[in-house]
6 protein chains.
Amino acid sequence: MVLTPYFLADEPFYAPQADEIELFTAAHALRQPVMIKGPTGCGKTRFIEHMAWRLGRPLVTVACHEDMTASDLVGRFLLDADGTVWHDGPLTLAVRHGAICYLDEIVEARQDTTVVIHPLTDDRRILPLDKKNELVRAHPDFQLVISYNPGYQSVLKDLKESTKQRFVGLDFTYPDAAREARIVAREAGIDEATATLLVKVADRSRNLKGHGLDEGASTRMLIQAGRLMARGISLTAACQMALVLPITDDPDLRASLTDAIAACQ
Amino acid sequence: MVLTPYFLADEPFYAPQADEIELFTAAHALRQPVMIKGPTGCGKTRFIEHMAWRLGRPLVTVACHEDMTASDLVGRFLLDADGTVWHDGPLTLAVRHGAICYLDEIVEARQDTTVVIHPLTDDRRILPLDKKNELVRAHPDFQLVISYNPGYQSVLKDLKESTKQRFVGLDFTYPDAAREARIVAREAGIDEATATLLVKVADRSRNLKGHGLDEGASTRMLIQAGRLMARGISLTAACQMALVLPITDDPDLRASLTDAIAACQ
Amino acid sequence: MVLTPYFLADEPFYAPQADEIELFTAAHALRQPVMIKGPTGCGKTRFIEHMAWRLGRPLVTVACHEDMTASDLVGRFLLDADGTVWHDGPLTLAVRHGAICYLDEIVEARQDTTVVIHPLTDDRRILPLDKKNELVRAHPDFQLVISYNPGYQSVLKDLKESTKQRFVGLDFTYPDAAREARIVAREAGIDEATATLLVKVADRSRNLKGHGLDEGASTRMLIQAGRLMARGISLTAACQMALVLPITDDPDLRASLTDAIAACQ
Amino acid sequence: MVLTPYFLADEPFYAPQADEIELFTAAHALRQPVMIKGPTGCGKTRFIEHMAWRLGRPLVTVACHEDMTASDLVGRFLLDADGTVWHDGPLTLAVRHGAICYLDEIVEARQDTTVVIHPLTDDRRILPLDKKNELVRAHPDFQLVISYNPGYQSVLKDLKESTKQRFVGLDFTYPDAAREARIVAREAGIDEATATLLVKVADRSRNLKGHGLDEGASTRMLIQAGRLMARGISLTAACQMALVLPITDDPDLRASLTDAIAACQ
Amino acid sequence: MVLTPYFLADEPFYAPQADEIELFTAAHALRQPVMIKGPTGCGKTRFIEHMAWRLGRPLVTVACHEDMTASDLVGRFLLDADGTVWHDGPLTLAVRHGAICYLDEIVEARQDTTVVIHPLTDDRRILPLDKKNELVRAHPDFQLVISYNPGYQSVLKDLKESTKQRFVGLDFTYPDAAREARIVAREAGIDEATATLLVKVADRSRNLKGHGLDEGASTRMLIQAGRLMARGISLTAACQMALVLPITDDPDLRASLTDAIAACQ
Amino acid sequence: MVLTPYFLADEPFYAPQADEIELFTAAHALRQPVMIKGPTGCGKTRFIEHMAWRLGRPLVTVACHEDMTASDLVGRFLLDADGTVWHDGPLTLAVRHGAICYLDEIVEARQDTTVVIHPLTDDRRILPLDKKNELVRAHPDFQLVISYNPGYQSVLKDLKESTKQRFVGLDFTYPDAAREARIVAREAGIDEATATLLVKVADRSRNLKGHGLDEGASTRMLIQAGRLMARGISLTAACQMALVLPITDDPDLRASLTDAIAACQ
């Protein structure tokens with residue numbers, strides 16, 4: 001089957017925050033389009049992978065960007081020895097064969113991408129392939145999921161109201177300290193005491209959000225620091241590499257973050 | 001026949017608001033181009049589907065967007081084993097074989113799309129395919145319909161006066177409360193009492209329009225909330241998912257909407 | 001003959017305003033390029049169709065737009081089983097075989113379109129096809145006609161002085177009330193008394209031009225309203241559909257126009 | 001010979017203004033690049049046609065525009081049954097076989113066009129066809145001529161200093177009244193008394209330059225008016241068509257010009 | 001093996017500044033994406049070449065620029081005698097066969113390039129080739145490294161927060177004076193006393209950073225000056241050629257730099 | 001040999017200003033990239049032609065412009081009877097076979113051109129052809145030379161600091177009066193007394209630089225005037241054609257320049 005490589009072989013680890021698994025399961029039963037909201041690195045992609053695995057559905061993921069065209073999603077004609085041959089894009093693949101299609105950061109895409117999903121996200125559940133005059137009726141198992149980072153949108157770059165209304169929403173945030181430490185310990189292969197130190201550093205860096213930092217350290221970054229420590233790098237060096245250097249060049253912010261690291265030891 | 005997949009098999013449910021069915025029927029008898037105006041999610045697409053079914057005509061729908069070119073509508077040459085072969089676009093398909101062609105949100109399209117419809121929308125009723133030097137005379141049953149959301153246009157992005165004048169207009173708005181509750185109950189599969197609660201929430205959210213919200217909850221969103229309730233999700237959770245989270249990230253607006261939901265219970 | 005489909009089979013109805021038929025006939029005898037000026041929907045296209053029929057010449061019409069390239073007018077190479085084959089565009093077709101070529105709203109086109117007509121509009125009467133190194137000498141019967149809407153041009157989008165000087169001009173405006181009523185009655189199939197009512201409404205709406213309306217109701221719009229009345233729609237509903245709803249969403253303007261309709265009954 | 005269609009069969013009529021024929025002849029003997037400057041419609045194109053005829057050289061004319069690319073001038077690969085075949089553009093044609101190449105309004109072209117002529121306009125006299133790694137050494141008879149309208153350039157759109165310095169210049173203006181009347185009489189086929197009236201009208205319109213008019217009536221426009229008169233159109237109607245309507249829509253300017261026409265009768 | 005030409009044959013000379021070799025080695029063992037930060041010409045490229053050699057891994061380097069598209073990185077279909085054939089881009093080559101892929105100055109690239117690396121830089125380690133519906137799972141030896149010059153970024157052109165968080169960072173700066181003199185002496189083939197003079201000049205020029213100079217003289221520039229001296233050019237002339245003329249046209253800055261050169265002799 | 005047409009057959013005349021021949025020779029021996037700086041028409045191109053002849057090396061010259069892409073420099077796939085075939089661009093030609101590659105006015109080119117030369121201009125001396133996954137190692141005789149006009153750069157259009165640092169610089173200016181007169185006399189075929197008059201005119205025009213003129217008359221323009229005089233044109237007419245008309249349309253500047261010409265006679 002064409003979607004075979006899109007099934008997840010192993011259970012992706014996911015620690016639930018609230019009732020998000022139940023809510024997503026209900027929306028999935030209705031095949032309702034879902035919008036996953038939350039900051040970068042808080043586990044949105046992991047959650048949707050977990051749900052695809054839990055529901056036994058293949059998952060087609062597309063990282064959207066501002067140069068992506070509708071054809072990149074829907075498909076195009078390619079030249080073959082016998083002339084032009086239609087080639088399904090990832091969205092069409094999911095629609096035709098019944099996968100969950102996850103459009104990551106769809107706000108980054110151009111308008112044509114956004115409009116393409118309209119007839120898929122109301123009762124029609126069709127995808128018109130205008131270039132080949134085909135109306136693809138969605139497979140009964142097809143579901144559309146998009147991610148949306150609330151901090152990123154600007155007046156110039158946001159989903160149209162008529163697009164937003166087609167989705168039901170789920171809100172995500174960073175896990176609470178105890179749960180985050182357990183996640184970091186498990187994913188980085190370090191003990192929970194060390195992970196707790198890292199979570200404390202993250203907590204301080206998140207307080208700097210809006211005071212020069214766009215966002216604080218994410219769970220993902222803590223795991224990266226933890227892994228370096230598991231390879232023998234010191235807490236200080238690992239935090240510098242994973243939590244400080246990649247996100248700011250401002251000397252004052254670097255000093256504040258360095259102080260935070262020192263204070264947690 | 002090439003238009004067979006474009007006939008609607010089942011009657012799309014539609015609850016008339018006023019005399020719009022009679023007015024559209026007269027315009028259709030004259031094959032006059034029609035402009036459907038109204039806010040997002042109020043039933044414009046459903047109305048045109050209903051009319052196509054009622055009049056027994058095939059319906060070719062095109063979701064317009066700002067990257068759409070005239071060729072996307074009209075057609076293009078594709079490379080074949082024997083050289084280039086002309087491929088009718090969705091508009092040409094409708095013109096040649098006699099469908100209702102529905103250009104959804106045509107204002108989003110580039111100027112060339114708009115100008116392409118000019119010779120189709122006066123007494124000439126022709127579509128010049130300049131790239132193959134063909135003049136397609138419209139099938140006697142061809143009719144053009146466009147949608148237009150009055151709240152969206154800006155100085156930079158509006159139809160030209162010379163385009164607007166080629167259409168007759170029909171105005172749509174949200175149904176009154178009783179009718180909307182009946183529609184929501186029927187479409188979501190919930191009882192009318194519950195649907196009436198949802199309509200009350202919607203009514204309050206529509207009062208926030210202009211106070212931070214671009215638009216309030218649409219009929220479409222109420223149906224989505226209703227369906228989640230039919231799957232066992234609570235009124236509060238369903239309204240959060242369907243009416244609040246997708247449309248705003250502003251904490252104050254979220255609080256106002258949450259209060260509105262609580263007040264309706 | 002390749003231009004056969006471009007001959008007009010039946011006389012297009014046209015009610016002369018002044019001596020425009022004589023002036024155009026003289027310019028045609030000299031094959032002088034002509035610029036037709038006037039507001040939208042006043043009968044410019046109908047006039048040129050009438051003249052083509054009266055002079056027994058084929059008419060090639062091109063609706064210009066801002067995405068149109070010189071190649072769209074002049075032609076391009078297409079890929080064939082034997083390689084690339086040149087394909088004349090509509091302008092080249094007219095130049096080579098001797099048609100009247102009517103470039104509708106040429107100001108919308110990009111600069112390259114405009115410049116392409118320069119060597120055709122002086123004594124040289126040649127069209128260089130640079131891409132195939134061919135100099136097409138215009139057929140003795142070729143004439144170029146362009147339309148130009150004086151209200152639309154801006155500093156950014158106007159013909160260059162060196163282009164304007166290559167044309168002789170003809171000015172059009174809306175017909176006087178009596179003549180307009182006769183035209184509306186004839187084209188819509190209604191009696192002249194009803195048509196006179198419609199003309200009165202149009203007259204009032206034209207007074208709103210500059211007070212919120214870009215243009216008032218055109219003759220074309222009156223005919224559309226008349227046709228709806230001939231299908232049994234009331235004067236009020238027909239005027240709303242044809243004269244009010246398509247052109248403005250402003251509540252005050254809509255009220256003014258509605259008052260004007262009521263006052264004319 | 002490939003340039004045969006580019007020879008002028010008949011002597012183009014040209015009435016010299018000063019010593020421009022001698023100066024151009026000297027520059028041609030040196031094959032020096034020449035820049036022809038002057039307002040629109042004053043006879044620049046006619047002069048270069050006359051010189052090509054007088055010197056017995058073929059003339060390749062290219063009307064430049066802002067969408068023109070270097071490939072439009074230099075050539076491109078086209079797809080053939082045997083693969084891609086190089087196709088010389090008009091400049092390469094002239095360079096290779098020895099024509100005068102006249103780039104009309106080169107300022108309109110993009111930068112790449114301008115830079116392409118650099119190695120052709122110094123001692124190297126070569127045209128590198130980068131896409132086929134060929135260095136075309138200019139035929140000994142090749143000469144480059146460009147036109148330049150001083151009134152049109154802006155800061156954003158002008159030749160680079162390093163381009164200007166490669167040319168010697170010749171200045172043109174409208175002929176004096178007596179000579180202009182003789183030219184108009186001859187070209188329009190009217191008597192000199194009538195032509196003198198037209199020149200008087202032109203003189204007045206040229207005084208309006210800078211007071212609302214970009215340029216006054218050109219010699220070309222007088223000839224067009226004269227030809228209409230030779231077809232039986234009155235002086236008033238011919239001047240309206242040829243001198244007033246095409247160049248301004250401003251009611252005051254139209255009145256001034258109409259007064260000027262009346263005053264000359 | 002397809003990556004054979006990407007192995008470094010000889011050890012690239014590299015003088016360590018601190019513990020960067022250990023830190024990079026740990027990150028490489030984890031295959032963690034690394035961001036190398038530092039000013040131009042301080043040895044970032046040399047460091048990554050040295051590490052590739054030391055770790056025995058092939059190195060695929062891509063110089064990013066603002067016209068680079070995702071296809072330039074990922075690959076594209078090329079037309080072949082048998083139709084279209086997929087051609088891996090440099091990133092796909094590295095991902096599929098297990099090289100270190102070094103994206104130099106990735107900030108210069110367009111957004112689509114940046115987003116393409118997202119699924120490669122989290123636990124998924126996959127590269128979706130949307131155009132051929134292939135999911136390339138990264139070779140176990142694949143590692144991604146990017147360079148980032150902190151002085152260059154602007155609000156308009158920076159990595160997205162969600163991209164930055166996927167990397168661990170390493171900071172570089174110019175070596176201290178003694179080490180820099182040894183590096184210059186070795187690379188340019190001059191004695192250390194002369195190299196020390198050059199380092200003094202560089203030190204003074206670096207103090208001008210922010211006072212008219214974007215950056216001072218880099219280690220790379222000192223080596224270039226040293227090599228000219230090894231060819232017999234005087235210190236003054238070599239410093240003018242290598243340290244002054246290429247970086248500023250400002251007469252005052254040139255005078256300051258010339259003074260600095262004189263003062264060091 | 002593929003570079004045969006790129007060898008200079010005859011010695012290009014060049015009168016040295018200072019020690020530029022020795023400095024360039026040293027840089028060439030090191031194959032160091034060289035940046036030639038100086039105003040337009042002062043002899044930069046002639047110098048590099050002279051050096052290529054003197055060093056016995058082939059010279060590949062590319063006139064850069066803002067529409068030039070990296071592919072124009074590096075090469076591209078062309079379609080052939082057997083599919084796509086790679087075609088080296090001029091830079092790749094020089095890199096592979098060992099020519100001096102002269103990129104004239106590289107600042108005009110887009111960023112991708114600039115970045116393409118980075119790996120060629122450090123110790124790596126490689127040119128990655130990403131589109132065919134080939135790493136071209138530069139021929140031992142390859143050297144890169146670019147020209148740079150200090151007066152032209154703006155904040156928006158300048159080489160990046162990281163590009164500038166890869167070059168050693170050579171400064172050019174106009175020759176002193178006596179040397180310039182000798183050059184003009186020799187190149188134009190006139191006596192030195194006349195040439196001295198032309199140099200005086202140039203000297204005065206160069207004083208107007210910054211007072212309305214972007215640059216004064218260049219040596220190139222003096223030679224052009226001299227050549228016209230050698231064809232019998234008077235000093236006044238030749239200076240008008242060669243020094244005044246091409247570079248300014250401002251009446252005051254023209255008068256100043258005309259006065260300067262008169263004063264020199």
Side-chain angles (χ1 to χ4, degrees), chain E residues 2 5-6 12 39-41 45-46 49 60-68 72-73 75-76 78-83 85 87-90 93 104-105 108 149 151-152 187 213-215 217-218 220-221 223-225 227-228 230-233 237-238 240-249, chain F residues 19 22-30 32-37 69-71 77 79-84 86 110-124 126 128 130-135 137 148-151 153 158-171:
Chain E
V2 67
Y6 296 93
T40 216
T45 298
R46 181 62 68 88
E49 288 183 323
V60 174
T61 299
V62 182
C64 300
H65 52 78
E66 70 184 12
D67 302 311
M68 190 170 76
D72 291 333
L73 271 189
R76 49 171 56 85
L78 293 176
L79 195 62
D80 196 323
D82 302 320
V85 177
H87 176 89
D88 279 349
L93 196 75
D104 196 9
E105 298 199 45
E108 297 294 321
N149 185 330
Y152 277 23
E187 296 268 315
L213 275 192
D214 286 348
E215 305 198 15
S218 65
R220 182 206 309 272
M221 293 166 85
I223 295 168
Q224 287 169 176
R227 285 178 182 166
L228 286 169
R231 298 290 309 183
I233 305 295
Q240 282 294 332
M241 274 183 88
L243 307 185
V244 181
L245 296 180
I247 58 167
T248 182
D249 302 313
Chain F
D19 55 352
E22 289 67 38
L23 294 177
F24 187 92
T25 302
H28 179 73
L30 291 160
Q32 229 167 16
V34 176
M35 179 191 291
I36 310 277
K37 299 183 126 177
T69 64
S71 293
F77 282 100
L79 195 61
D80 197 323
D82 302 321
T84 47
W86 176 261
R110 303 193 306 177
Q111 291 283 346
D112 61 343
T113 311
T114 311
V115 166
V116 146
I117 61 178
H118 277 200
L120 269 174
T121 49
D122 54 30
D123 285 354
R124 293 175 288 170
I126 54 171
D130 290 343
K131 287 184 183 161
K132 60 187 301 247
N133 287 343
E134 182 185 348
L135 278 181
R137 299 196 182 272
Y148 184 96
N149 185 330
Q153 277 58 53
D158 195 0
L159 292 181
K160 294 197 298 180
E161 196 67 26
S162 63
T163 304
K164 287 181 180 171
Q165 296 200 0
R166 292 158 181 277
F167 290 86
V168 298
L170 283 177
D171 242 20

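We name chains A, B, ... by the order of the sequence lines, and we start the count at 1 in each one.
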Per-residue contact mode, E/Gln240 against chain F (heavy atom under 4.5 angstrom): neither

Here the gap from F/Leu30 atom CG to E/Ile233 atom CD1, rounded to the nearest 0.5 Å, amounts to 9.0 Å

Scored by heavy-atom pairs under 4.5 Å with chain F, the best of E/Arg76, E/His87, E/Glu49 is E/His87

Value rounded to 0.5 Å, distance of CZ in E/Arg231 from CD in F/Gln32: 10.5 Å

Measuring from E/Gln224:CD to F/Arg166:CZ, what's the distance to the nearest 0.5 Å? 9.0 Å

Give the C-alpha distance, both sets of side-chain angles, the deciding distance and a yes or no for side-chain hydrogen bond (donor to acceptor under 3.5 Å, both in side chains) between F/Gln165 and E/Ser218. CA-CA 8 Å; F/Gln165 296 200 0; E/Ser218 65; 2.6 Å; yes

Run through F/Asp122, F/Thr121, F/Asp123 and flag the one making a side-chain contact (heavy atoms from CB on, under 4.5 Å) with E/Arg220. F/Asp122

Test of understanding: with ring-ring contact (aromatic ring centres under 6.0 Å, His included), list the residues that count as partners of F/Phe24, not counting sequence neighbours. F/Phe47

In Å and rounded to the nearest 0.5 Å, what is the CG to OG distance from E/Asp72 to F/Ser71? 8.0 Å

To the nearest 0.5 Å, what is the distance between CG (E/Leu245) and CZ (F/Phe167)? 14.0 Å

Could you tell me if the side chain of F/Arg124 sits less than 4.5 Å from the side chain of E/Thr61, heavy atoms only? yes

Spatial distance of atom CG (E/Asp104) from atom NE2 (F/His118) [nearest 0.5 Å]: 8.5 Å

Whatever's closer than 4.5 Å to a heavy atom in chain F on E/Val60 counts as neither

